[in-house]
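Residue numbering restarts at 1 for every chain, and letters A, B, ... go by the order of the sequence lines.
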Number of protein chains: 2
Amino acid sequence: MKGEKCEVVDIWQILGKRWSLHILKNLSTNENIRFNELKRLIPDISSTVLSQRLLELEREGLITKKIYSEIPIRVEYGLTLRSKELETILQQLSNWIAKWNAHEKKKEAKAFPQMSKS
Amino acid sequence: MKGEKCEVVDIWQILGKRWSLHILKNLSTNENIRFNELKRLIPDISSTVLSQRLLELEREGLITKKIYSEIPIRVEYGLTLRSKELETILQQLSNWIAKWNAHEKKKEAKAFPQMSKS
DNA sequence: CGGAATCCTTGGAGATACTG
DNA sequence: CAGTATCTCCAAGGATTCCG
């Protein structure tokens, strides 16, 4: 943990950037999706940033990019085997959060029993 | 995935910030550690940011903070039950990265067999 | 010792416009 | 359609100083 360069931190930092997770989520529910479709599915993201994130994720081997030289041009993005494995880890993370949120709510309910009525 | 507020994204955003992971790592290997010790263990972090990250992590219930009213004052940080569970997930993430790094190296070796000599 | 307050700097997000 | 180029702007990081 001293001088060793930490791969986890690297990838974590990329995935931690804004929109990264949104992109992966949308790719996981719709496989093979086009740039503007993706953009429509993620409100408020700009094409600049979407393009950037996609590039970063592609470089990490987390998404595929297929270019169809039609007119107008068509580009489709999808998950890779690698990112599909990541999904399961993210799912565990999600479960972990859900579990502890439940704990929190219990504690709050005990501390402020009247709040459950309002 | 539309309007629902995503808890995973929230916590991911916090953990994705710079130094967050380093802090958790160091807390996991040394349990109960003081502010300046931690600072020494994480080269290049400023006390300003360390303090900030610690506060954020504490708010998320990921670290404990114990204050000893001695002179000079002593403050110790440690992991919580919640963050210890998180550790196992991070470990999986780490394994996942290692696994795919190995794949990459294999591919590179095939593509450029001469590189293994230099 | 463990921070908080202040100021400074920079990178990244976002808007807009343009192009193969 | 799928981006890139350019610009602006703000938040986060970092350095420094000070304090209970």
Candidates [options] - which lies nearest the side chain of [X]:
{"X": "A:Ser51", "options": "D:dG3, C:dA4, D:dA2", "result": "D:dG3"}
{"X": "B:Val49", "options": "D:dG13, C:dC1, D:dT16", "result": "D:dG13"}
{"X": "B:Arg53", "options": "C:dG2, D:dG13, C:dG3", "result": "D:dG13"}

Nucleotide [N], atom [atom2] - distance to [atom1] of [X] in whole Å:
{"X": "B:Lys39", "N": "D:dT16", "atom1": "NZ", "atom2": "C1'", "answer": "12 Å"}
{"X": "B:Glu58", "N": "C:dG2", "atom1": "CD", "atom2": "C1'", "answer": "14 Å"}
{"X": "B:Asp44", "N": "D:dA15", "atom1": "CG", "atom2": "C1'", "answer": "13 Å"}
{"X": "B:Glu56", "N": "C:dA4", "atom1": "CD", "atom2": "C1'", "answer": "15 Å"}
{"X": "A:Ile14", "N": "C:dG11", "atom1": "CD1", "atom2": "C1'", "answer": "15 Å"}
{"X": "A:Ile42", "N": "C:dA13", "atom1": "CD1", "atom2": "C1'", "answer": "15 Å"}
{"X": "A:Ile23", "N": "D:dG3", "atom1": "CD1", "atom2": "P", "answer": "12 Å"}
{"X": "A:Leu55", "N": "D:dA5", "atom1": "CG", "atom2": "P", "answer": "12 Å"}

Does the side chain of [X] get closer than 4.0 angstrom to OP1 or OP2 of [N] through an N or O atom?
{"X": "B:Lys65", "N": "C:dG3", "value": "yes"}
{"X": "B:Arg18", "N": "C:dG11", "value": "no"}
{"X": "A:Gln52", "N": "C:dG12", "value": "no"}
{"X": "B:Tyr77", "N": "C:dG3", "value": "yes"}
{"X": "B:Trp19", "N": "D:dA12", "value": "no"}
{"X": "A:Arg34", "N": "D:dC1", "value": "no"}

(Q) Would the distance check show the side chain of B:Arg53 and the main-chain N or O of B:Arg18 forming a donor-acceptor pair, the cut-off being under 3.5 Å? (A) yes
(Q) When you measure from the side chain of B:Thr64 to the backbone of B:Tyr77, do you find a donor-acceptor pair of N or O atoms at a distance under 3.5 Å? (A) no
(Q) Under a plain distance cut-off of 3.5 Å, with no hydrogens placed, do A:Trp19 and A:Gln52 share a side-chain donor-acceptor pair? (A) no
Q: Find out whether A:Glu60 and A:Ile11 are in side-chain contact, i.e. whether some heavy atom of one side chain is under 4.5 Å from a heavy atom of the other.
A: yes
Q. For A:Ile73 and A:Ser46, take the nucleotide of DNA chain C holding the closest heavy atom to each; which residue's nucleotide lies nearer the 5' end?
A. A:Ser46
Q) Quick one: the side chain of B:Thr48 and the base of D:dA15, do they pair up donor-acceptor inside 3.5 Å? A) yes
**Q.** Check ion pair B:Lys17-B:Glu56 (N to O, under 4.0 angstrom)
**A.** yes
